[in-house]
Amino acid sequence: MTQHGNASQGDARSTSPGAIPIAAMDDPTAGGRMLQSGTHLARILAVRQPDGIFEAQVYVRLAREPQRAETYIPAGNFATEAEAWEAAEQRAKRAFDEHEF
């Protein structure tokens, strides 16, 4: 599995060396990090909620499909942004392993 993008939500600039900028995604305003496993993509996000917690979100699809074809997979609520990112990444990996598309 390779990581293809790394940016905070709302930030269209890449922060990882060698990463593809989020602007290269179908919807540059969507934010998140892109992961790829073979022909499958996962967009993961850690979204701050009004009460201060962070919701881990995963959106999966086939690479050949448009972004609107994504399937949403909730990955839980967490006290910190770092925990939410980690949970989203782990959930995306599980989706890849279990072919949840």
Side-chain angles (χ1 to χ4, degrees):
M1 178 178 333
T2 59
Q3 185 168 336
H4 279 269
N6 183 2
S8 296
Q9 183 174 355
D11 182 2
R13 293 173 293 149
S14 171
T15 57
S16 289
I20 298 171
I22 290 299
M25 293 174 19
D26 294 342
D27 179 7
T29 63
R33 297 176 183 163
M34 293 297 290
L35 304 174
Q36 183 170 5
S37 177
T39 60
H40 295 90
L41 295 175
R43 181 168 55 95
I44 62 173
L45 300 118
V47 180
R48 185 180 184 95
Q49 301 299 307
D51 60 0
I53 63 168
F54 291 86
E55 181 182 7
Q57 300 177 353
V58 178
Y59 297 85
V60 294
R61 65 183 165 103
L62 291 171
R64 69 176 181 262
E65 297 292 332
Q67 188 169 5
R68 68 178 178 269
E70 289 179 332
T71 298
Y72 169 69
I73 301 173
N77 295 310
F78 300 88
T80 69
E81 184 177 11
E83 290 173 315
W85 280 116
E86 178 63 26
E89 185 171 339
Q90 292 304 314
R91 186 62 182 91
K93 289 177 182 178
R94 190 172 111 205
F96 290 148
D97 291 344
E98 296 180 10
H99 305 286
E100 295 182 45
F101 300 90

(message) What's the separation between atom CZ in F96 and atom CG in L41, rounded to the nearest 0.5 Å?
(response)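 Taking CZ in F96 and CG in L41, the distance rounds to 7.0 Å.
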Write down the atom of [X], the atom of [Y], and the distance for their closest heavy-atom approach.
| X | Y | answer |
| --- | --- | --- |
| A95 | I73 | CB-CD1, 3.9 Å |
| A46 | A84 | CB-CB, 3.7 Å |
| A92 | I44 | CB-CG2, 3.8 Å |
| R61 | Q67 | NE-CA, 3.7 Å |

(message) Tell me every residue that passes side chain to side chain donor-acceptor pair (under 3.5 Å) with E98, counting only those two or more places apart in sequence or in another chain.
(response)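 Side chain to side chain donor-acceptor pair (under 3.5 Å) check on E98 returns nothing, list empty.
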(request) Output all residues satisfying side chain to side chain donor-acceptor pair (under 3.5 Å) with T80, sequence neighbours left out; order by chain, then residue number. (result)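 Listed in chain order: E83.
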Hey, can you pull the donor-acceptor pairs under 3.5 Å for the side chains in residues 50-59, sequence neighbours left out?
unit_1	atom_1	unit_2	atom_2	d
D51	OD1	I53	N	3.3
E55	OE1	Q49	NE2	3.3
E55	OE1	Q57	NE2	3.2
E55	OE2	Y72	OH	2.8
Q57	OE1	Y59	OH	3.1

(message) Under 3.5 Å, is there a donor on one side chain and an acceptor on the other for W85 and E89?
(response)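 The criterion, which ignores hydrogens and geometry beyond distance, is not satisfied for E89 and W85.
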(request) Please test L62 against H40 for side chain to side chain contact (heavy atoms under 4.5 Å, CB included), starting from the C-alpha separation and ending with a verdict. (result) CA-CA 4 Å; L62 291 171; H40 295 90; 3.2 Å; yes
